[in-house]
Engineer: 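Handing you a structure now.
Sequence lines set the chain letters: A, B, ... in the order given, protein chains first and strands last, and positions in each chain run from 1.
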Amino acid sequence: MTLTDLANPSRFLSLATRILPWLAAATALLLAIGLYLSATAPDDYQQGATVKIMFIHVPNAWLSMFVWGVMSVAALGTLVWRHPLADVAQKTAAPIGAAFTFLALVTGSLWGRPMWGTYWQWDARLTSVLILFLMYLGLMALWRAVDDPSRAARAAAVLTLVGAINIPIIKFSVDWWNTLHQPASVFRMGGSTLDRAFLIPLLVMAVGFTLLFLTLHIAAMRNEILRRRVRTLQMLQASKPRAAA
Amino acid sequence: MKLTGRGLRCERGQREVFSGLDFMVAAGEAVAVTGPNGAGKTSLLRLTAGLLALAGGSIALEGGEPDLTLPEQAHYLGHRDALKPALSVSENLSFWQDFLGGDAAETSHALSVVGLDHVAHLPAAVLSAGQRRRLSVARLLAVKRPVWLLDEPTSALDTEGQNTFAAIMTGHLAGGGLILAATHAPLDVAARELRMGAVG
Amino acid sequence: MKLTGRGLRCERGQREVFSGLDFMVAAGEAVAVTGPNGAGKTSLLRLTAGLLALAGGSIALEGGEPDLTLPEQAHYLGHRDALKPALSVSENLSFWQDFLGGDAAETSHALSVVGLDHVAHLPAAVLSAGQRRRLSVARLLAVKRPVWLLDEPTSALDTEGQNTFAAIMTGHLAGGGLILAATHAPLDVAARELRMGAVG
Amino acid sequence: MIALSALVRRDVRVALRVGGGALIGVLFFLTVVVLMPFAVGPDLALLKQLGPAILWLGALLASLLTLDRLFMADHEDGSLDVILMSRTPLELACAAKALAHWLAVGLPLIIATPVLGLLLNLDGAATGAVALTLFVGTPALTFTGMIGAALAVTLRRGGLLLAVLVLPLSIPVLIFGVAASQAAISGPLPFGTPFSILCALSLASLVIGPFAAAMSLRQGLD
Amino acid sequence: MIALSALVRRDVRVALRVGGGALIGVLFFLTVVVLMPFAVGPDLALLKQLGPAILWLGALLASLLTLDRLFMADHEDGSLDVILMSRTPLELACAAKALAHWLAVGLPLIIATPVLGLLLNLDGAATGAVALTLFVGTPALTFTGMIGAALAVTLRRGGLLLAVLVLPLSIPVLIFGVAASQAAISGPLPFGTPFSILCALSLASLVIGPFAAAMSLRQGLD
Amino acid sequence: MTPLGPYASFIVTSYALVAAVIAVLIGWVMVDYRRQKARLHDLEASGVTRRSGRSAAKIS
Ligand code: HEM
Ligand SMILES: Nc1ncnc2c1ncn2[C@@H]1O[C@H](COP(=O)(O)OP(=O)(O)OP(=O)(O)O)[C@@H](O)[C@H]1O
Ligand SMILES: Nc1ncnc2c1ncn2[C@@H]1O[C@H](COP(=O)(O)OP(=O)(O)OP(=O)(O)O)[C@@H](O)[C@H]1O
Ligand SMILES: [Mg+2]
Ligand SMILES: [Mg+2]
């Protein structure tokens, strides 16, 4: 790493350290408000109290896609500008995105059981989220499998960008595929027709979860930068055994 | 024609191999890169061939064809010999000739110069170590390129093969080509030496 | 101890490489197998190592351990270096030590003799050509065997590495070992020459 | 052009000699089709229903089993270095290599389809339709799989990791390939819709595959 | 014994580092299971019926994708020469290599079975039974596949040819594996009969595999 | 707070799960931070410094 390269991560570190407490506080506040609003929200006339699952399910589902978008931007940063921060952003977003996707899947199936009578259905949306989850896991496996981080970053970037094209295609193809075999009996609720009593808690929760992602991501990026410094120093130590002793 | 590198820095796997290296090779000149194992000779050749990303500095070829990059005007002869065992000797050579844009009439001439004409029809899998090396040398002859980057080119060659190769290099230099060769043995042609230091 | 071959015939891919070859190596003696590319030097070493089936003749080791075969008492150092890129330098060496039944205490000593102790923890994938060769030489030191069959052992080694290897060979010969080495360069230890003729 | 056709010819030749010839591809396909009844049980109606799925899985398998060494072999023997240094744009060279792979592995499968059609009790028209979907769809499998093959070089990793990374990319092709074949065999849905989407997917992969592979190879320089 | 355990440890280590770790095996299995509905359609009843077949196909695929380089890699880097010259009998060395392969590839799949059981709607007892059949059957896949891996060295061929040679050998394992799992899940046939035949097949392959592989490797000297 | 009705267990489970996963994420980030800082301090204590001469563990 050259001096100019180090400069940016260093500036990022100091910036992160300054804004992280504020971000964390804002996240906690919004999530608390959101939790209160969702606890006091009325029951849906059709779904009863289970509508409460929506307030956590939908933000997680949105974030699962949003995080892939963040990774795609970072991937461009890796490939086009070769910015070391982009590598770090890519790597640290993957596990967080996988966690959100996992939550979307689990809360979805927990909602599906009372609503549809089954935890799992090979429905278009569900299936494409499952594939998204698998792709997150594949990406994480890739990061773990390669010990040279810049090499892993470049491979992961190519895969992330190809995945960004592929996921909408999967969504669309699965949509089509489903109409083949199953009657469209799946319960759906249009976002636009949502009552204000549900809409406001949902939006508050969504913003809260987005802030949560930002907080976690910045903190994880800070850890990763430190980890790379440790690595560099260890390598220095290994290459000069006498100087270190 | 002149090949120059300035302030070169090489990193492999996040470790610095060398930095601040300068070199210059003029047309008709051979430079022998020497140094202990692990000094970075192979890395320098691969940087020049564009097969490794520069971590700093610049390499330029003056006086070559202006619309071609340096790697496109260079031959790189490495440890791995770019041969397919399943193809015959002549199939291997004429593939590179077609792919790199050489003159198809040269194939059999190149094979006879390196002394492989009698095995031209055999699959490359059955070649001995020296015969494989001779076949990769034939690629240098079959496709004309001014810059030759050679990594221990004479290893595995017998005495006669080394003489032949010296003659081939002399011919290339006489035709205005230039050679940058990493080597532990003497190079058998008049050459300046570029000595690289030992590293961790 | 004495290694003798009588009336050896070698066929590769249905073609005869040589026939009627005799050789003898006594304890404490080195024999350099020389000859042009494709003469059959590598083939002779592989026949002796039991890695190639004899088409005729016989090879015997007198005075070795009676219940072990010749290959089981020999080291073969070929072009391919028997290293796994994914394992570290010391993992590679200590695997062969465990597998071939050497003394585990020898590992770090062998690495320092060949000058690789400072890269012991690196994966073998990042070694330079000469460093890989040094690591395969370390196997000869880490596991004691009387017969050494070496195929161009000094290729890719720098001058210091060649000197070290000469010292290693001298030590092996002094300990009553015997060496059969194919080589194009001079062997750096007192050696008889076994010259093989050119073939088609 | 000479350069590209030379590359295609070399790769086809190597693939046929090392892989054992085009007949092996056919034999492999046959083996997979014969194997399925053992896995799912000898229920004829079920097998007929699964017919297209079996054919498509066979094609997917054939490409998975052979693609991972597409660039790795060239990397290991040093050919990739020379290809990178040539005057041919790397994207075109990648496309040529994928085309060669498809000619050596994909095409024999398609030619074998009529034989398998017999085994699966398909009539002439249906067999033709299935062969047509394979003809259009297998290039997409090759050209997306190529991205994984290039990643293998960058990562210096192979095996299951690669399969895990590549398989999700081939899901859309699989869906529309099976759907189009299904439609051709048993109806009632029209054949045209999924088939034209399959064509679109194939065309898209013909563009994206070589670019992504070349990008990955350039990034993987070492 | 030291020699053999060193070989097992080395091979497991290399497999985990190059293939990307045991978790990748699990992820691969998961991907295959998720892929199947795309091929056969999203019909839950059909998928449940095909459950054991899908799991067994996943295991077969994992071994096909990774076995072909079992001996080839050692041949190419010269390790095989040293192994042949060692004092360890070649049969035992082959068995050790196969064991290492099973530990790195087969075992993770078995551990992952419970997760997949959920996706395929299996209850606890059935999941246990399927895991048990995989535990008993996957060694047979590895040890018969090993013969093909050794033939790859002798023939200097890879790719589909190998799959064609290996697949027929694994048909019996597949039949009884699926039958036993099927019996455990849905009855009505007893679980014991196919399961004990599966055990017998595994034991036989444990003996035949190493001998055949060693014989093939000795014939392939070059 | 309105009563949760017959499907209370599903609602509670999903909220609890989300809370648990978020807690794991936060814990991972914090533990990781402490560990990296500690390792950096150890390395600096053993005399290794960055080429820039500045302290590696110091952030701002
Ligand atoms: C494992 C099961 C499930 C998964 C993976 C899943 C996934 C998703 C995704 C990705 C979205 C965002 C899509 C968008 O905004 O266009 C979403 C939104 C939504 N999901 Fe789910 N879902 C699942 C189960 C359910 C169930 C069972 C219900 C209700 C009965 C449900 C109700 C909703 C609603 C109401 C939205 C918001 C819709 C909108 O904004 O248009 N989901 N889900
Ligand atoms: N696998 C093989 N199959 C068939 N023929 C082979 C094979 N390997 C080598 N040969 C042939 O056997 C002859 C001797 O090969 P060998 O490798 O023993 O030569 P060598 O003396 O070691 O040559 P070099 O000095 O080039 O290493 C050569 O003509 C070669 O073409
Ligand atoms: N792929 C790689 N990744 C990381 N480090 C590498 C890689 N290849 C080589 N190195 C390291 O870079 C250094 C220089 O290697 P290089 O191959 O350039 O040396 P060399 O001068 O050619 O040596 P030799 O005389 O042994 O061929 C060595 O210390 C080596 O360990
Ligand atoms: Mg070198
Ligand atoms: Mg030789």
Side-chain angles (χ1 to χ4, degrees), chain A residues 68 75-76 78-80 82 86-87 90 94 101 122 124 127-182, chain D residues 49 140 143-148 150-180 182-183 186-190 193-194 196-198 200-201 204-205 207-209 211-222:
Chain A
W68 196 281
L76 280 179
T78 294
L79 291 180
V80 182
R82 295 187 168 249
D87 296 9
Q90 259 197 90
T101 315
W122 291 97
T127 310
S128 49
V129 174
L130 182 59
I131 302 288
L132 179 64
F133 183 56
L134 284 180
M135 292 183 66
Y136 271 120
L137 292 185
L139 215 50
M140 284 167 64
L142 188 161
W143 279 107
R144 281 174 42 99
V146 182
D147 33 43
D148 178 350
S150 63
R151 182 173 289 281
R154 292 174 254 149
V158 172
L159 206 68
T160 308
L161 289 179
V162 176
I165 306 170
N166 196 47
I167 289 166
I169 296 183
I170 289 181
K171 170 85 174 77
F172 146 78
S173 50
V174 168
D175 246 327
W176 193 88
W177 168 66
N178 228 17
T179 58
L180 246 186
H181 297 265
Q182 278 189 210
Chain D
Q49 185 187 346
F143 276 76
T144 50
M146 172 169 65
I147 303 174
L151 283 176
V153 173
T154 311
L155 298 173
R156 319 209 170 301
R157 290 279 179 286
L160 298 181
L161 173 61
L162 228 60
V164 165
L165 299 177
V166 166
L167 279 179
L169 299 182
S170 45
I171 286 179
V173 181
L174 195 63
I175 293 179
F176 289 104
V178 172
Q182 204 83 266
S186 50
L189 284 153
T193 328
S196 44
I197 300 177
L198 191 64
L201 283 176
S205 73
V207 178
I208 296 170
F211 273 91
M215 201 195 299
S216 168
L217 288 178
R218 280 211 198 84
Q219 302 287 337
L221 287 181
D222 195 8

Engineer: So which of A:Leu161, A:Ile167, A:Leu159 has the largest heavy-atom pair count under 4.5 angstrom toward chain D?
Structural biologist: A:Leu159

Engineer: With a 4.5 angstrom heavy-atom cut-off, could you sort out which part of A:Ile131 is near chain D: side chain, backbone, both or neither?
Structural biologist: side chain

Engineer: So, for A:Val146 and D:Arg157, which heavy atoms are closest and what is the spacing to 0.1 Å?
Structural biologist: CA-NH2, 4.2 Å

Engineer: Check whether A:Val158 gets within reach of chain D through its side chain, its backbone, both or neither, counting any heavy atom under 4.5 Å.
Structural biologist: side chain

Engineer: Considering all heavy atoms of both residues, which atom of A:Ala155 and which atom of D:Leu155 are nearest to each other, and what is their separation?
Structural biologist: CB-CD2, 3.3 Å

Engineer: Can you say whether D:Ile147 sits under 4.5 Å from chain A via the side chain, the backbone, both, or neither, judging by heavy atoms?
Structural biologist: side chain

Engineer: Going from CG on D:Leu198 to OG on A:Ser173, what distance comes out if it is rounded to the nearest 0.5 angstrom?
Structural biologist: 11.0 Å

Engineer: Closest heavy-atom contact between D:Pro168 and A:Met135?
Structural biologist: CB-CG, 3.8 Å

Engineer: Which atom names give the shortest non-hydrogen contact between A:Gly138 and D:Leu165, and what distance separates them?
Structural biologist: O-CD2, 3.5 Å

Engineer: If you round to the nearest 0.5 Å, how far is CZ of A:Arg154 from CG of D:Leu221?
Structural biologist: 8.0 Å

Engineer: Is the closest side-chain heavy-atom distance between D:Arg156 and A:Arg151 below 4.5 Å?
Structural biologist: yes

Engineer: Between CD1 of D:Ile208 and CD1 of A:Ile165, what distance do you get to the nearest 0.5 Å?
Structural biologist: 4.0 Å

Engineer: So how far is it from D:Ile197 CD1 to A:Ile169 CD1, rounded to the nearest 0.5 Å?
Structural biologist: 11.0 Å

Engineer: Using heavy-atom distances under 4.5 Å, tell me whether D:Val173 contacts chain A through its side chain, its backbone, both, or neither.
Structural biologist: neither

Engineer: As an exercise: rank D:Val164, D:Leu169, D:Leu201 by heavy-atom pairs under 4.5 Å with chain A and give me the winner.
Structural biologist: D:Leu169

Engineer: With rounding to the nearest 0.5 angstrom, report the CD1 to CD1 distance, D:Ile175 to A:Ile170.
Structural biologist: 7.5 Å

